[in-house]
Every structure is written in structure tokens, then in C-alpha cells.
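Notes for the one structure printed next.
What you see is a predicted model, and the numbers here were worked out from it, not measured in a lab. Residue numbers begin at 1 in each chain, while the letters A, B, ... track the order of the sequences.
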Amino acid sequence: MKYNPQKIEQKWQESWYNSNAFRAKNGSKKRKFYLLVEFPYPSGDGLHVGHCRSYTALDILARKKRMQGYNVLFPIGWDAFGLPTENYAIKKGVHPSVVTKKNTDNFRRQMKEMGLSFDWSREINTTDPKYYKWTQWIFLQLFKHQLAYKTKISINWCPKDKIGLANEEVVDGKCERCGTKVEKREKEQWMIKITNYADRLIKDLDLVDYLEKIKTQQKDWIGESDGALVKFSVEGIEEFIDVFTTRIDTIFSGTFLILAPSHNFIDKHKNKIENIEEVLKYREDIKNVSDIDRTNQDKDVTAVQLKGITVRNPSTNEKMPVWTADFVLENYGTGAVFADAHDKRDFKMAKKYGIPLRTSIKPDDELLTQKVKNLEECFEGEGILYNSMQFDGLKSAEARPRIIAWLASKGSAYPKISYKLRDWVFSRQHYWGEPIPMIYCKKCGWQPVDEKDLPVKLPNVKKYKPTDTGESPLSLIKKWVDVKCPKCNGPAQRETDTMPNWAGSNWYYLRYTDPKNSKKLADETILKYWMPVDWYNGGMEHTTLHLLYSRFIFKFLWDIKAVPTSIGPEPYKKRTSHGMVLAQDGQKMSKSRGNVINPDSVVKEYGADTLRLYEMFMGPFDQMIAWDTNGIIGCRRFLDRFWNLVLAEKKAKKSSKEVQAILHKLIKKVSDDLDSAKFNTAVAAFMEALNFFHGKQNEVGQEAIEKLVILFAPFAPHITEELWSATGKKGSVHMQKWPKYNPAFIKEEKITLIIQVNGKVRGKIEAKTGITEEKAKKLAMAEQRIKELIAGKEIKKIIFVPDKLINIVI
RNA sequence: GCCCGGGUGGCGGAAUGGUAUACGCACAACACUUAAAAUGUUGCGAGGUUUUCCUCAUGCGGGUUCGACUCCCGCCCCGGGCACCA
């Protein structure tokens with residue numbers, strides 16, 4: 001019988017599906033293991049081979065953990081709200097829910113055809129009102145805890161998608177999705193105070209096992225800087241301008257102050273600024289400049305002085321002029337900086353406008369020091385302080401805490417930590433999203449929808465095109481918009497903005513534990529059992545989006561005790577990322593390039609097991625890798641040989657010692673590799689073992705064959721299941737116990753001892769394991785080649801590494 | 001500019017202080033075949049040669065070590081992240 005995947009795969013898929021073979025059990029006494037893959041956005045393109053890589057990897061882990069006796073939760077669902085579906089629906093004139101249904105059906109089919117062992121009874125969909133009821137409920141809790149607020153802000157507006165974007169969704173000043181340059185628009189938006197959690201989102205990374213690059217990326221994004229807040233008193237006005245700095249060691253060289261163009265000091269003291277018209281005009285000019293141009297470092301510095309305004313440097317008590325310049329950003333720190341000769345931008349600006357400069361930090365280098373003192377060059381680094389009163393001679397790092405303490409004693413500074421992270425823009429002006437459950441009453445202001453009235457269902461309408469005005473299309477549905485105020489019962493209006501598509505994915509992993517609960521987002525006892533997620537795999541592109549948002553929302557739910565505190569403050573114990581799968585040409589796969597590999601066609605040609613094996617074998621799991629059509633054939637050949645070997649082995653029951661050693665080494669290697677996500681070397685180990693067994697059919701033995709099939713089952717579930725039944729075994733191979741290796745079998749009796757002379761390999765000898773240094777020396781010296789090499793030379797030293805090598809130094 | 005990865009045969013890659021090039025692809029020869037495909041066997045870093053042998057080779061240059069792809073110092077290149085961030 002020849003291996004024919006097309007004949008066997010569907011049969012087993014149906015058998016697993018119909019028997020609920022991989023259902024996770026709530027209320028089990030077994031140890032649990034929660035494996036999570038990011039649920040996909042069900043696009044019309046179907047599954048990408050990159051999805052397959054991530055899903056196969058965690059499927060292998062799930063199957064192995066089940067065989068190791070764990071109660072495994074390995075669920076899947078659909079993150080189905082979002083723009084592409086809406087756009088497609090508008091174009092084709094079909095309702096987004098119809099499109100979603102079609103796409104999820106296709107995804108589900110593809111996943112089943114890959115033999116993924118998801119617990120299909122827990123499938124969730126973010127667009128299901130029973131699901132988004134709780135997404136809305138979470139929003140209400142955020143509002144009730146003052147973490148959701150509506151405010152007029154300048155937002156990133158994508159003119160093509162007609163949607164406001166969060167800062168995280170803007171890449172290089174362009175819309176993350178469509179690449180259109182974003183514009184600035186003033187709009188009332190719902191905001192979520194993620195900034196309140198900035199410190200904990202950094203600190204708690206110490207509690208979890210994430211790939212180091214994921215931790216670094218999150219830290220960089222949150223952008224903590226440790227510094228001080230310094231108060232500059234304004235002359236003639238009873239007021240201070242606050243400045244955040246990380247370089248308080250340079251305070252003595254501060255000779256002027258710069259405000260961001262839209263700093264509210266300017267609005268507040270219009271009458272005191274002599275050239276207010278010039279200042280306001282400058283502010284208008286800046287508004288029309290995009291962030292990209294504003295942050296272009298090659299650009300010339302522009303600035304305007306606020307005439308009539310001076311402040312005092314709290315360290316020197318000297319008067320300083322106040323300026324405004326575009327390179328000072330309103331949304332970082334306090335929107336104001338003190339400027340000196342130790343900052344390139346300040347230096348450039350002072351030179352251009354003839355503002356006096358002073359230096360107070362000496363670099364190590366004498367020559368450079370002279371240049372710095374003569375203001376010929378700007379020195380930004382750390383050094384030794386001078387011109388700094390009692391702090392002269394101190395190093396920058398030593399000086400900082402002392403200067404802060406000194407200024408603090410005068411009441412003009414205190415230590416402060418600042419973050420780059422900004423509050424999260426939570427409103428979208430589109431139809432296909434969760435309605436924000438808020439009602440506006442002219443009398444009572446913003447009122448939350450009563451929890452018992454949730455979910456606020458998306459009305460089923462014909463027109464869901466986004467509008468050019470930036471109003472949500474929902475605003476056109478008067479019947480839906482006009483409601484009574486929950487507080488005063490007077491006339492009021494619903495919020496017509498919807499949530500971003502991150503809202504549904506913020507908490508989905510909680511819902512999987514108890515997906516049908518209508519009373520709570522999930523039951524406490526059940527959450528207590530399953531949470532936290534033991535291993536979460538997803539794309540690197542979600543590190544500063546979904547991963548950060550969902551960690552934040554979990555912390556919030558934890559704080560308000562919506563989830564049991566026993567889980568701890570982090571939802572995911574371990575996070576890994578799979579490398580992107582590129583097209584054969586090394587480019588990103590895309591329809592327009594025509595280089596997309598469709599998993600369906602691979603399954604059709606080679607079978608699902610081959611696809612799974614190749615996805616794991618192609619390279620290190622966390623590295624980006626190009627698809628290689630030629631490489632697939634090797635995996636298929638391996639499966640053919642595997643099939644033949646198992647079926648050919650008929651005679652011997654017992655396996656030889658040599659076979660046992662190979663097998664148990666393989667068990668150890670595969671078990672270890674899977675725990676550290678080294679799928680490629682695990683597959684290679686199978687190939688190596690099979691190469692060894694090949695041609696020795698009847699020496700391998702049924703004993704070894706049986707273990708081999710079990711061990712390989714998580715990788716290639718169909719072929720192993722078929723072989724299990726074809727060799728007359730009862731039950732499913734996937735319900736068998738994961739083999740344990742026996743260290744006694746691995747221990748070899750004979751080893752190859754390497755003989756080196758001066759660290760170079762000059763010979764090998766077969767020896768018994770545990771050979772003594774004395775014996776090894778004798779044997780080595782007896783070798784003809786070694787004799788020749790050391791003849792007439794003085795032996796300085798002999799290094800002996802037991803069971804490995806002997807090195808003769810001459 | 002700063003912070004992470006990475007650089008090994010014709011190609012994807014393996015080895016984290018101890019036989020560099022596992023495993024796979026491609027290629028070549030042979031076997032089977034009328035033939036081809038498939039399959040199997042063997043070979044496959046470079047150069048030399050006295051061919052159970054030598055020299056060189058893991059981006060480049062140094063260093064530590066009996067011994068370095070692996071550790072340290074200084075560069076170069078590629079990928080990713082952050083960035084007038086005070």
C-alpha cells in the first residue's frame with residue numbers, strides 16, 4: 001500500500017471533529033495547559049501560509065501536552081470587525097455580516113483541512129452580540145473608573161479609509177493599513193487612559209517569559225525616561241513654567257526656555273506677550289506642517305521669541321528669555337524645555353537667533369573641551385561639571401540626584417518619570433465595529449447605557465458607507481440615535497462612533513474559558529482554573545498594538561476584580577513570535593505581486609501532513625523565512641519513507657540495543673526541542689533517526705516502531721493515525737501517552753575518543769565509555785600517526801575531557 | 001543617532017567552549033528500466049597531494065584559551081524597532 005494523503009486525511013479530520021476529540025474540559029481535576037494563537041482576522045484571501053506556521057507549531061505543542069496528560073485548552077475564533085470587510089461589503093453591496101460568515105466558513109474549512117486540533121466547541125466571534133455585549137461592558141467599567149473620557153483632540157485622520165487612527169496605527173506618518181499619508185483633524189474622541197498603567201506595563205514584564213525582543217519593543221514604545229520636573233518662575237506673573245528634563249546636570253548652562261507652539265501659557269498670557277500676533281501666526285504655520293516634516297532633522301530650525309516674557313533659572317537665578325519653536329512637542333514631557341549649549345537643536349537655534357549660550361559640562365578630551373568652551377562645537381554627552389557652583393568637578397551621573405535634591409529644597413524641582421506612551425484613541429467613525437455604549441444628554445452630559453440594556457446592537461441598515469465629514473454612518477439612523485437619557489429620561493442621543501478592532505481582541509482569551517456565559521464575561525472558578533495563558537504565540541507586528549492593549553485591559557479587569565486576583569497581574573505567562581513567511585522571491589506575499597502561496601494548493605498536491613512538516617522544518621521558528629517550493633518535496637519524501645518503514649516492519653517484537661539508543665535519544669531531543677520552540681531541529685532529528693533505521697527494517701522491532709509513531713503524531717497527525725490503525729492498534733494515536741526516555745538506554749557503551757595534538761584533530765579511537773585518562777593516554781600514544789607527530793617533541797601538557805577527547809600539547 | 005537580532009557550502013540551515021558544515025534541497029555518478037519518471041546506493045566547502053594525508057575556510061582585524069562559529073575588544077554589511085523625546 002502506498003502513502004496517499006488524499007485518501008486518509010479527510011477521514012481522520014471528520015473522525016476527530018465528530019468525536020470532539022480535542023475538547024477541553026472545564027471542572028477537570030487534571031493539570032491544565034492553555035495554548036493560545038492569535039485569532040485571525042477572517043479576510044477574503046483565506047489562510048496565509050504564515051498563519052499555518054503559527055497554528056501548526058502550537059497545534060504540535062497542544063497535541064504533545066495532551067499526550068503528556070494535561071487538560072489542554074487550544075481554542076480559536078474570529079476577530080471579525082474591521083475595515084477590509086466593511087470595504088468589501090460596500091463594494092459588493094452585501095452586508096458585512098454576510099461577508100464575515102462566508103470568510104469564517106472558509107477559514108474554518110482550511111483549518112480543519114490542516115488537521116489543527118482546536119476545541120471547536122469554544123469558537124468565538126467578536127461580531128456576535130453575545131460576545132460584544134462584554135466588550136461593551138468592559139468599556140462601561142473603564143468609563144466608571146474614569147479611564148474613558150471624551151475630548152477634542154487633534155487626531156490622525158486617514159483620508160482614504162475615512163477613519164481616525166491611534167498613534168500605534170500610524171507608521172512613518174502613514175496609515176498602517178493602506179499607506180495613505182495621514183492628516184491632522186480636530187475631533188471629539190473617546191480616549192482610554194492607558195498612560196495610567198505605563199509604569200506597571202513596564203515593571204510587570206519582569207514577571208513574564210517573553211522573547212527578549214518583545215520586552216524591549218514594548219519598553220521602547222512606552223518610553224520611560226527618568227528625570228526631574230523643574231519650575232521656572234515667570235517674571236512679573238505669579239506663575240511657573242514646568243519643564244521636564246533628564247539632563248538636570250546641564251541646568252547651570254540653561255540660558256533660554258522654549259515652549260511648544262501650542263503651549264497653553266501662550267493662550268493664558270496673550271496680553272503679556274508683546275508680539276502675540278507673530279507668535280500666533282507661527283503657531284498657525286506649524287499646524288499645517290505634518291509631523292514628518294516637523295520632525296525632519298535636516299530641516300532648518302524656526303523659532304519666535306515671546307517678547308516681554310522672561311523667566312528665572314532656578315539654579316543661577318539669572319533671567320532667561322522665552323521662545324517658542326516647532327521642535328518642542330506639546331505632547332511629550334510638559335511641552336517646554338530649558339535650552340543650553342549641550343543640546344544640538346538648542347545650539348543650532350541659539351546660533352541662528354543670536355541667543356547667548358553658556359557651557360557647564362566638560363568632555364574627557366582636552367582638545368574637545370577647548371572647542372566646547374569656545375562654543376565652536378556642541379557637546380551633548382556626559383562629562384565633568386564646571387560653572388556649576390558647588391557641583392563643580394562632579395560627573396554628570398553623580399551630579400543629577402544632588403542637583404535635584406538641592407533644587408527640591410528650594411521648592412523648584414522634584415524627581416519625575418515621563419513616558420512617551422499616550423492615551424489611546426478609542427473612537428472610530430465606521431459602521432462595522434462595536435457601538436460605544438454611551439448616551440449624550442444635553443442636561444446630564446455623557447451617560448453610560450445601563451448594563452442591563454447591553455448589548456447595544458449594531459442596527460441592521462443598508463447604508464454603512466463612511467462619510468466625508470468624519471461622522472459615523474450610524475449618525476444617519478435617527479431611529480437608533482434618539483433615545484431617552486438613562487438619568488433624567490429626557491431626550492438624548494446615542495454615541496455613533498464605534499470601537500477600534502482592538503477592542504474585541506483585548507479580552508478574547510478570557511472568553512474562551514467560558515464562551516457561552518450570559519451572566520459574566522467568564523465564570524470566576526473557570527477563570528481561576530485556566531488562566532493565565534501558558535503559551536501565547538503571535539506576530540511581531542502586534543507587540544505594540546494588541547499585546548500592549550490586552551495586557552493593559554487585563555490589568556484593569558484585575559484591578560476591579562472582574563477576574564480573580566489569584567491569576568496575577570499578567571494574562572500571558574509566555575509569549576513567542578513566529579517569523580514572517582515571505583514569498584520565494586524574498587518579498588512579502590501579496591496579491592499584486594502575484595507571489596502568494598495558497599495553503600490549499602499545497603495540501604492538495606502534497607497533503608496536510610507535508611505542509612505541516614515543511615512549515616516546521618523550513619527554518620528557525622522565530623526567524624523570517626522565504627518559502628521554497630523545492631524544499632517541500634523533501635518533507636513529502638520523508639513521509640513516504642516513514643510510511644514504508646512502519647508498514648514493512650513485521651517480524652521482530654524486541655528492538656536491538658542500538659535501536660533503543662537511537663529511539664531514546666530521539667525522544668529526549670524531540671521533547672526538549674518542543675519545549676524551546678525549536679521545531680526545525682526536532683524534524684531533522686526524526687529524519688536522522690529514520691535514515692538510521694532505513695534498510696534495517698526487521699531489526700528495528702515493533703517496540704520501537706510503536707513509540708516512533710506516537711512520538712511523530714503531533715507533527716503529522718493524519719499519517720500517524722492511519723498507521724496506528726493499519727498496524728492493528730486500538731484507539732487513537734493521539735490519546736496515547738507521550739513516551740519518556742530512559743537515560744540508561746541513551747548511555748552508550750562505546751564512544752569515539754578524539755585525539756588532538758595542539759588542539760588539532762589528528763586521530764580517533766574507539767573506546768569504552770568511562771575510559772580513564774591513563775588508558776586513553778596509552779591508546780593515543782600507541783597510534784602510529786600520533787607517534788610520528790610527537791616524536792622528539794616535549795609534551796607540555798595533556799588535556800583530557802572524559803568520553804570526548806584527549807589533547808596533547810607539545 | 002540609540003536599542004535589539006543576524007552574517008556558516010550552490011541554496012534553506014545545524015552546532016553556544018571540545019570531530020564545523022547535522023537535516024533537507026539542488027547537483028553528479030551508479031543500480032533498477034527498452035527508456036524516462038519514481039525509488040534506491042554513493043559522492044558533494046575550497047585547494048593541494050605522497051589520496052586511511054596536509055593546508056585553508058564560519059563577514060573583516062585583533063585578543064583570551066591546550067582548543068573559538070561559540071567568549072572579549074574594534075570595525076564592515078544585512079534585517080527589525082525607536083527617534084528634533086527634552
Suppose you measure atom [atom1] in [N] against the same atom in [M]; what distance do you get, rounded to whole Å?
N     : M     : atom1 : result
B:U33 : B:A38 : C1'   : 11 Å
B:C27 : B:C78 : C1'   : 28 Å
B:G79 : B:G62 : C1'   : 27 Å
B:U52 : B:G43 : P     : 15 Å
B:G40 : B:A46 : C1'   : 30 Å
B:U70 : B:G63 : P     : 14 Å

Just to be sure I understand the rule, does [X] reach a base, reach only the sugar-phosphate, or reach nothing, if contact means heavy atoms closer than 4.0 Å?
X      : answer
A:I798 : nothing
A:V337 : base
A:N691 : sugar-phosphate
A:K760 : sugar-phosphate
A:N807 : base
A:N680 : sugar-phosphate
A:Q756 : base

Side-chain N or O of A:T246 versus OP1/OP2 of B:C85: is the shortest distance under 4.0 Å?
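Answer no for this pair, as no side-chain N or O of A:T246 is under 4.0 Å from OP1 or OP2.
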
Using modelled atom types and a 3.5 Å cut-off, is there a donor and acceptor pairing between side-chain atoms of A:T250 and backbone atoms of A:S253?
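Not confirmed, A:T250 side chain does not pair with A:S253 backbone.
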
Atom pairs under 3.5 Å: protein N/O with N/O of nucleotides 2-8 of chain B:
none

Would you tabulate the nitrogen or oxygen pairs shorter than 3.5 Å linking the protein to nucleotides 40-47 of chain B?
none

Between A:F240 and A:F232, is the ring centre distance below 6.0 Å?
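No, too far apart.
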
Are A:F712 and A:F638 close enough that their ring centers fall under 6.0 Å?
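Close enough - the centres of the two rings lie under 6.0 Å apart.
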
